[in-house]
Amino acid sequence: MHRDEIDGLRAIEWKDLLPLNRLEILDELSISLPWLVGSWVAASYDQYLIALICSFMFFLTGLRQVHNAYHYALGISRRLTEWVMFGLSILMLGSMHAIQINHLRHHRYCMEEEDVEAMSARLPGWQAVLIGPLFPLRLHLKAIEVGSRRQRGWILAELVANAAWVGLVFGVLEVKWLEYHVVAMAVGQCLTAFFAVWTVHHDCETERLKARTIRGRLKALLTYNMFFHVEHHLFPAVPTCKLDILARRLNAMVPDLVAKKVFE
């Protein structure tokens with residue numbers, strides 16, 4: 001990175017973007033709820049195409065919520081943030097505390113050997129899809145290996161809650177739309193390596209900033225700001241809802257820094 005680019009980045013105002021007002025906090029905490037309810041209602045009426053669309057959007061917005069939670073950028077206390085991750089662990093399957101450990105390591109070792117989260121970004125797209133089922137397994141094993149005692153406690157609690165939830169859905173309740181939801185989330189977890197990692201990091205090993213981004217209000221709106229990934233890596237404490245503002249500031253100060261886009 002050139003000296004003028006470093007100076008330009010240092011000049012960017014970003015700390016004013018950290019606070020969230022009450023309405024923004026409420027929006028962040030509820031942003032996935034309409035899609036979750038929509039998927040359940042559609043599945044209960046056997047409208048599975050609509051249900052799949054809603055489930056995809058629930059997973060996307062759920063990722064936005066846990067992504068902010070990983071960085072404690074939801075505008076709520078750290079204690080409440082831990083419980084948000086716990087709840088979303090059940091709804092989306094897996095342990096979000098395990099994913100958090102690997103995501104913070106991803107920021108520290110971006111695209112290096114220690115960066116387990118970026119394993120799919122080093123592969124062609126079709127291989128990133130194929131390794132999907134292996135991806136969450138490797139993330140959980142790595143988190144258990146490197147996590148603290150407190151973190152492993154959260155991971156264990158979330159995995160036990162997952163087992164209880166799946167057993168309840170399939171062994172006790174036997175409600176078809178809940179069974180659909182669990183299967184849809186399992187598929188979503190298997191596609192995370194492609195949609196959440198490969199899309200924003202592939203072919204970026206030699207880039208000054210090892211990530212991609214987007215430009216354009218419509219693209220940002222449709223993706224809930226989730227693909228402003230260069231901006232996120234530069235200023236990870238900034239909440240996702242403010243990344244479009246950060247992108248405009250980046251354009252003004254260092255317009256030549258951002259090269260590769262998620263959507264060309």
With W40 via ring-ring contact (aromatic ring centres under 6.0 Å, His included) - residues at least two apart: W177, H181
Give the minimum heavy-atom separation between A196 and V200, together with the two atoms involved. O-CG2, 3.6 Å
Can you find a side-chain donor-acceptor pair between T240 and N225 that sits under 3.5 Å? no
Contacts of W83 that satisfy ring-ring contact (aromatic ring centres under 6.0 Å, His included) - sequence neighbours left out: F86, W154
Evaluate the side-chain proximity of L63 to M92: yes if any heavy-atom separation is below 4.5 Å, no if none is. yes
Tell me which donor-acceptor pairs under 3.5 Å the side chains of residues 131-147 have, and how far apart each pair is, sequence neighbours excluded?
residue	atom	partner	partner atom	Å
H140	ND1	P136	O	2.7
H140	NE2	S95	N	2.9

Give, for atom CG of L178 and atom OG of S44, the distance between the pair rounded to the nearest 0.5 Å. 10.0 Å
Measure across A118 and H106 and return the closest heavy-atom pair with its distance rounded to 0.1 Å. CB-ND1, 4.2 Å
Name all pairs fulfilling the salt bridge (Lys or Arg N to Asp or Glu O under 4.0 Å) condition that reach into residues 52-73, sequence neighbours left out, sorted by first residue then second. E28-R64
Heavy-atom nearest pair, N162 first then L93, reads OD1-CA, 3.1 Å
Measure the CZ-OG1 distance between F194 and T199 for me, rounded to the nearest 0.5 Å. 7.0 Å
Looking only at non-hydrogen atoms, find the nearest pair between A69 and Q100 and report the distance. O-NE2, 4.0 Å
Does either side chain, that of T81 or that of R79, offer a donor lying less than 3.5 Å from an acceptor on the other one? no
Donor-acceptor pairs are to be reported for all side-chain atoms of residues 19-27 against protein atoms at under 3.5 Å, with residues two or more places apart or in another chain.
residue	atom	partner	partner atom	Å
N21	OD1	L23	N	3.1
N21	OD1	E24	N	2.7
E24	OE1	N21	N	2.9

V182-Y48 co-clustered via ILVMFWY side chain contacts under 4.5 Å: no
Within this structure, what is the CD-OH distance for the pair Q65 and Y224, rounded to the nearest 0.5 Å? 10.5 Å
Could you walk me through whether V84 and I76 pass the side-chain contact (heavy atoms from CB on, under 4.5 Å) test, one step at a time? CA-CA 10 Å; V84 168; I76 57 178; 3.9 Å; yes
Would you say the side-chain atoms of R249 pair up with the backbone N or O of E13, donor to acceptor, closer than 3.5 Å? yes
Under 3.5 Å, which donor-acceptor pairs do the side chains of residues 53-60 form with other protein atoms, sequence neighbours left out?
residue	atom	partner	partner atom	Å
S55	OG	A51	O	2.9
S55	OG	Y180	OH	2.7

Heavy-atom side-chain proximity of E231 to T213 below 4.5 angstrom: yes
Close side-chain approach of L234 to L250, heavy-atom, < 4.5 Å: yes
Following the transitive rule for hydrophobic clusters with a side-chain heavy-atom cut-off under 4.5 Å over Ile, Leu, Val, Met, Phe, Trp and Tyr, establish whether V183 and M185 coincide in one cluster. yes
Steps toward side-chain contact (heavy atoms from CB on, under 4.5 Å) verdict (T192, Q189): CA-CA 5 Å; T192 303; Q189 288 293 342; 4.0 Å; yes
If you round to the nearest 0.5 Å, how far is CZ of R248 from CD1 of I12? 13.0 Å
Sorted by chain and number, sequence neighbours left out, salt bridge (Lys or Arg N to Asp or Glu O under 4.0 Å) with R105 holds for E114
Test: ring-ring contact (aromatic ring centres under 6.0 Å, His included). Region: residues 10-34. Which pairs qualify, not counting sequence neighbours? W14-F235
Applying salt bridge (Lys or Arg N to Asp or Glu O under 4.0 Å) to R150 and not counting sequence neighbours gives E82
Heavy-atom side-chain proximity of M119 to V197 below 4.5 angstrom: no
Show the nearest heavy-atom pair for residues P239 and N68, with the distance to one decimal. CA-OD1, 3.7 Å
I'd like to know if the side chain of K261 and the backbone of I214 have a donor-acceptor N/O pair within less than 3.5 Å. no
Separation between NE2 of H202 and CE of M111, rounded to the nearest 0.5 Å: 10.0 Å
Sorted by chain and number, sequence neighbours left out, side chain to side chain donor-acceptor pair (under 3.5 Å) with Q151 holds for S148
Quick one: does any side-chain atom of E158 pair with a main-chain N or O of H97 as donor and acceptor, under 3.5 Å? yes
Any side-chain heavy atom of L246 within less than 4.5 Å of one from H232? no
Is there a side-chain contact (heavy atoms from CB on, under 4.5 Å) between H229 and R212 once you walk through the steps? CA-CA 6 Å; H229 213 61; R212 293 172 177 263; 5.8 Å; no
Mind checking what makes salt bridge (Lys or Arg N to Asp or Glu O under 4.0 Å) contact with D46, not counting sequence neighbours? K176
side-chain hydrogen bond (donor to acceptor under 3.5 Å, both in side chains): which pairs involve residues 117-137, sequence neighbours left out? H103-E117
For the backbone of M96 and the side chain of S89, can you confirm whether one donor and one acceptor N or O come within less than 3.5 Å of each other? yes
Nearest heavy-atom neighbours spanning H233 and A211: CD2-CB, 4.2 Å
From F228 atom CZ to L243 atom CG, the distance as rounded to the nearest 0.5 Å: 7.0 Å
